[in-house]
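Okay, so here's the structure we're looking at.
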Amino acid sequence: MKKFILICSLLVIAVIPNYAQTLDNVDKAVFGVGEELNYKLKYGIFTAAEANLKVAESAQKFDGKPAYHIIADGKTAGTFNVFYKVRNRYESFVDKTTLMPYFYTENRKEGSYKHTDKVTFNHKDGKIKADKGEFEFKGQMFDFVSAYYFARSLDISKIKIGQTIDMPYFLEDGIHKLSITYLGKEQVKCSMGTFNCLKFNPTIIPGKIFKKNSKLYLWITDDANRIPVRAHVEVIVGSLTMDLTGAKGLKYPLNPIKK
C-alpha cells in the first residue's frame, strides 16, 4: 500500500512533454489561488485513501518574488487505517511567473515509518540541496507537486498517440524519471460526471503490489483545466481506482458532458 500511495500522488503530476518549454507569464497558468481538488482511492468498492490538493498565496517571498504555496495531503481511510495508517503532507513553493519550484517539504507518516525532507532548488546553478545532501541536474527540474501544476499549463495540443513522455522530478533520495505514453481521447465517468479526457499510460514496476502485466491508466480533462479525473490499475488481487470527488476555485469552468 505504501508504494501505491506514492504512485497515486505521482499520478496527479499529469504530463510534461519531452521538449523544453517555459511559461512567458503567469497569465498562461491554468490555476490560481483558491483552487482545491479532492480524490478518493478505492480498492474495489472500499475507499482506501483520500487526497487533497490546494493552491494558496505564499506568505514568504523568494528572491523578492511572490510565490504560490501548493499543499498536497494524502491519508488512508476507514479500515485501511487499521492495517497501514498513512498521513502524508507535501508542500511546494513555486514562482508565480515561471512556475518553477523554489522550495519543497514533505512530512510522511506511513505505519511505523516516518520521513521528513526539506529541498531547495537552485535553477541557476543546476543544484538541489536536500536533507540527504546536494544533487546536480540539467534542464528543468521539479518536485512531483510542482511538476503537476507546471505540466497542466503546457500546450500539448500537438501530442501524438503513442508518444512517450519523460517526467523528471526529485524525491527523497535523488532524481527520478516517470515515463508516460499518450493513448488518445476517451469519455470517462467519475464521481463528478462524465468528461471528455486525454488518456495516458504511466509506467509501473511489477512487484509485491502489481502484477507482471499490470497496466496503469490515467485520464485528464480535455479542457483548459487539465485535471486528472480518474486512474485505474490492476493489482495482485483486485484493482485500485483513483476518482475525482471534488473541485472548486477553478480558473476555468469544469463542464462535464453528463452529470
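By convention here, the first residue in the shown sequence is residue 1.
- A ring-centre distance under 6.0 Å is found for Phe31 and Tyr149.
- Here the closest heavy-atom approach between residue Leu99 and residue Tyr68 is recorded as CD2-CE1, 4.0 Å.
- Judged by distance alone, the side chains of Glu91 and His69 do bring a donor and an acceptor atom under 3.5 Å apart.
- Looking at Tyr182 and Leu198, their side chains come closer than 4.5 Å, going by heavy atoms from C-beta outward.
- Between Phe137 and His123, the angle of the ring planes goes over 60°, which puts this pair in the perpendicular group of the 30/60° scheme.
- Both the sub-6.0 Å distance and the 45° axial angle are not jointly satisfied by Lys127 relative to the ring of Phe135.
- Atom CG in Leu218 sits 6.0 Å away from atom CE in Met242 (nearest 0.5 Å).
- Between Phe93 and Phe62, the ring planes lie tilted relative to each other; the angle falls in the 30° to 60° range.
- Tracing side-chain contacts under 4.5 Å through hydrophobic residues (I, L, V, M, F, W, Y), one reaches Ile220 starting from Ile161; they form part of the same cluster.
- Within 6.0 Å of NZ on Lys199 lie more than 12 heavy atoms contributed by other residues, nucleotides or ligands.
- Taking both residues in full, the closest heavy atoms of Leu171 and His176 are given as O-NE2, 3.3 Å, listed atom of the first, atom of the second, then distance.
- By the criterion of side-chain heavy atoms lying less than 4.5 angstrom apart, applied directly or through intervening Ile, Leu, Val, Met, Phe, Trp or Tyr residues, Ile175 is not grouped with Phe103; the two fall into different hydrophobic clusters.
- In this structure, the side chain of Ser153 engages the main chain of Val30 through a donor-acceptor pair within 3.5 Å.
- Between Asp243 and Lys42 there is no salt bridge, since no side-chain N of the basic residue sits under 4.0 Å from a carboxylate O of the acidic one.
- The hydrophobic cluster of Ile71 has no other members, since no ILVMFWY side-chain heavy atom comes under 4.5 Å of it.
- Minimum interatomic distance between Val119 and Ile128 (heavy atoms only, all atoms of both residues): CG1-CG2, 3.4 Å.
- Linking Ile, Leu, Val, Met, Phe, Trp and Tyr whenever their side-chain heavy atoms come within less than 4.5 Å leaves Tyr102 and Tyr104 in two separate clusters.
- Ion pairing between a basic and an acidic side chain is recognised when a charged N comes within 4.0 Å of a carboxylate O; Lys118 and Asp131 show no such pairing.
- With a 6.0 Å cutoff to the six-membered ring centre and a 45° limit on the axis angle, Lys177 does not count as a cation-pi contact of Tyr169.
- Residues Met141 and Met100 are members of one and the same hydrophobic cluster, defined by side-chain heavy-atom contacts under 4.5 angstrom among Ile, Leu, Val, Met, Phe, Trp and Tyr.
- A distance-only check finds no donor-acceptor pair linking the side chain of Asn201 to the backbone of Tyr217 [under 3.5 Å].
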Exercise for the section: Under the side chain to side chain donor-acceptor pair (under 3.5 Å) rule, what do Asn38 and Glu50 come out as? Steps first, then yes or no, please. Expected result: CA-CA 7 Å; Asn38 296 287; Glu50 298 174 346; over 6 Å; no
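- Residues Ile227 and Leu254 are in side-chain contact: their nearest non-hydrogen atoms beyond the backbone lie under 4.5 Å apart.
- The hydrophobic clustering, which links ILVMFWY residues whose side-chain heavy atoms are closer than 4.5 Å, places Tyr90 and Ile70 together.
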Exercise for the section: Given side chain to side chain donor-acceptor pair (under 3.5 Å), test Asn107 with Thr116 step by step and report yes or no. Expected result: CA-CA 5 Å; Asn107 188 339; Thr116 61; over 6 Å; no
